[in-house]
Amino acid sequence: MAIINSKLIGIGSYVPDFVLTNDMLEQLVDTNDEWIVKRTGIRERHIAKGMRTWELGFKAAERALQNAGITADKLDMIIVTTCSPDFYSPIEASVIQEKLGAKCAAMDLNTCCSGFVYASDVADSFIKCGKAKTVLVISAETLSRVTDYTDRGTCVLLGDGAGAVVYAATEETDKGILSSYTSSDGSGAEYLYMEALPLEEDPLKADRSYDQSKRFLKMAGAPVVRFTAWAVPQAIDEALHRAGLEASDIDWVVPHQANLRILDVIAKKYNLPMEKIYVNLDRFGNTSSASIPLALDEMRQKGMLHEGQTIVCTGFGGGLTFGAFVIKL
Ligand code: COA
């Protein structure tokens with residue numbers, strides 16, 4: 001039987017117009033541009049005003065399909081990753097499916113900031129086992145809706161945006177997703193969390209005037225940095241090992257854009273120049289699962305992606321989940 005791989009055939013992205021700069025954040029919380037840039041590398045982020053997560057995802061998806069040169073009726077599956085969904089039901093993927101005019105399987109997947117890595121693995125698995133030929137992965141987030149703009153420890157980090165990619169089955173053995181690795185360390189769950197539904201001692205007698213601030217993202221920054229220090233190298237090592245490759249084979253690392261200091265650690269560990277680690281968090285902040293496809297689309301638009309390149313994508317975040325995959329263009 002012929003080997004089937006999942007080839008990246010289209011990339012798209014969308015960010016809302018409104019830009020929240022570090023100077024503007026100084027008006028909201030006790031912070032300053034110098035602190036934010038030095039500790040995180042972030043200078044500005046985009047914020048969705050009056051737009052839902054699915055709308056961002058839909059726009060990114062349209063662009064990815066256009067870039068792939070296919071219409072939505074060719075899709076066998078749509079996977080949407082988000083930790084900032086509009087609804088529990090309908091799922092984001094079904095909403096976007098309808099707007100695109102696709103007739104196929106649709107699912108949402110939430111592994112927080114590593115969502116795109118997990119969804120790419122799921123898409124690849126469906127393609128490799130022959131159950132799907134063409135899969136659209138959309139990662140869309142409106143983190144501004146779960147951000148506490150009185151908490152300077154988190155609000156300076158987060159932004160909104162969406163990215164999407166199309167994977168298609170190919171018999172070219174040297175193209176597509178070569179390997180994936182996904183994992184989780186639930187012992188660190190408390191360091192990064194958002195409550196979805198309030199715990200009620202007696203739902204029949206509960207006061208349903210829910211305090212909205214309970215939904216806000218809460219994070220203990222230092223333990224998350226410590227987690228990334230071992231989890232990200234573990235994920236990259238495993239993905240490279242499974243692909244039979246070395247760090248020297250990598251053309252680009254496209255990491256989740258959380259903090260410039262974390263990306264520095266990756267560069268040092270693998271002896272890679274920072275020029276091989278794609279960074280755009282200075283302009284978008286941390287957009288959770290959207291950050292990797294958003295970065296990929298920016299690279300595409302800048303003409304930085306070429307056939308034959310080997311790219312490692314790595315994601316990490318709430319859960320605490322982490323993972324990486326190797327893809328050959
Ligand atoms: N502006 C100014 N001062 C701030 C601040 C801000 N926005 N946020 C925190 N501080 C202060 C703290 O209150 C603290 O003050 P104190 O020493 O008087 O108590 C000081 O800066 C140091 O705080 P600390 O939390 O130790 O800073 P840090 O060096 O760990 O940097 C983060 C904070 C959030 C930038 C860092 O922990 C981080 O990047 N964590 C990982 C974030 C991440 O990647 N999350 C998502 C994973 S998907």
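Counting convention: from 1, in listed order, for ligands and their atoms alike.
Here the protein heavy atom with the shortest distance to atom 47 (C) of ligand 1 is Val224 CG1, 3.7 Å. The shortest contact between atom 41 (C) of ligand 1 and any protein heavy atom is with Val225 CG2, 3.5 Å. For atom 28 (P) of ligand 1, the closest heavy atom belonging to the protein is Arg39 NH1, 3.6 Å. Shortest contact from atom 8 (N) of ligand 1 to any protein heavy atom: Trp35 CH2, 3.3 Å.
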Could you go through Thr321 and Thr111, starting from their C-alpha distance and side-chain angles, then the distance that decides it, and tell me whether this counts as side-chain hydrogen bond (donor to acceptor under 3.5 Å, both in side chains)? CA-CA 7 Å; Thr321 59; Thr111 58; 4.6 Å; no
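Counting only heavy atoms, the protein never gets under 4.0 Å from atom 14 (C) of ligand 1. Distance screen at 4.0 Å: atom 45 (N) of ligand 1 has a protein heavy-atom neighbour inside the cut-off. Distance check on atom 39 (O) of ligand 1: some protein heavy atom falls below the 4.0 Å cut-off. Note that atom 20 (C) of ligand 1 has no protein non-hydrogen atoms nearby, at separations under 4.0 angstrom. The nearest protein heavy atom to atom 3 (N) of ligand 1 is closer than 4.0 Å.
Listed for the Thr53 side chain is no donor-acceptor partner under 3.5 Å among the backbone atoms of Asp86. A donor-acceptor pair is defined here as one N or O able to donate and one able to accept, closer than 3.5 Å; such a pair exists between the side chain of Arg152 and the backbone of Asp30. Proximity of a side-chain donor or acceptor of Arg45 to a complementary backbone N or O of Asn286 within less than 3.5 Å is not detected. In this structure a side-chain-to-backbone donor-acceptor pair under 3.5 Å is present from Asp76 to Lys133.
Listed by number with element, the atoms of ligand 1 under 4.0 Å from a non-hydrogen atom of Thr40 are 35 (C). Which parts of ligand 1 touch Gly221 is read off a 4.0 Å heavy-atom cut-off, strictly below it: atoms 37 (O), 40 (N), 41 (C). Counting the atoms of ligand 1 from 1 in the order shown, those under 4.0 Å from a heavy atom of Val156 are 7 (N). Listed by number with element, the atoms of ligand 1 under 4.0 Å from a non-hydrogen atom of Ala258 are 44 (O). Of all the atoms in ligand 1, the ones that sit under 4.0 Å from a non-hydrogen atom of Ile262 are 44 (O). Numbered from 1 in the order shown, with element, the atoms of ligand 1 that lie under 4.0 Å from a heavy atom of Cys113 read 48 (S). Set against the non-hydrogen atoms of Ala222, the atoms of ligand 1 under 4.0 Å away are 37 (O). Residue contact check: His256 has heavy atoms under 4.0 Å from atoms 48 (S) of ligand 1.
Not one N or O of Asn286 is nearer than 3.5 Å to an N or O of ligand 1, by distance alone. Between Met219 and ligand 1, a contact under 3.5 Å exists for no N or O pair. Remark: ligand 1 and Thr31 share an N or O pair separated by less than 3.5 Å (distance only, no angle test). In terms of polar-atom proximity, defined here as any N/O pair under 3.5 Å, Asn259 does make such a contact with ligand 1.
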With a 3.5 Å cut-off and sequence neighbours excluded, list the donor-acceptor pairs that the side chains of residues 188-198 form with protein atoms.
none

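Looking at Arg152, Arg261, Glu26 and measuring to atom 30 (O) of ligand 1, the nearest heavy atom belongs to Arg261.
No continuous path of ILVMFWY side-chain contacts below 4.5 Å connects Leu25 to Val15, so the two sit in separate hydrophobic clusters. Hydrophobic cluster membership is shared by Trp252 and Leu8, with clusters built from Ile, Leu, Val, Met, Phe, Trp and Tyr side chains linked at under 4.5 angstrom. Under the 4.5 Å side-chain contact rule for hydrophobic residues, Val312 and Leu296 do not share a cluster. Cluster membership check: Val117 does not share its hydrophobic cluster with Val279, using side-chain heavy-atom separations under 4.5 Å among Ile, Leu, Val, Met, Phe, Trp and Tyr.
Side-chain contacts under 4.5 Å among hydrophobic residues (ILVMFWY), followed directly or transitively, place Leu199 with no other residue at all.
Here Ile236 contributes atom CD1 and Tyr181 contributes atom OH; the two are 12.0 Å apart, rounded to the nearest 0.5 Å.
Residues Arg261 and Asp264 are not paired through a salt bridge, judged by the lack of any N-O separation under 4.0 Å between the basic side chain and the carboxylate.
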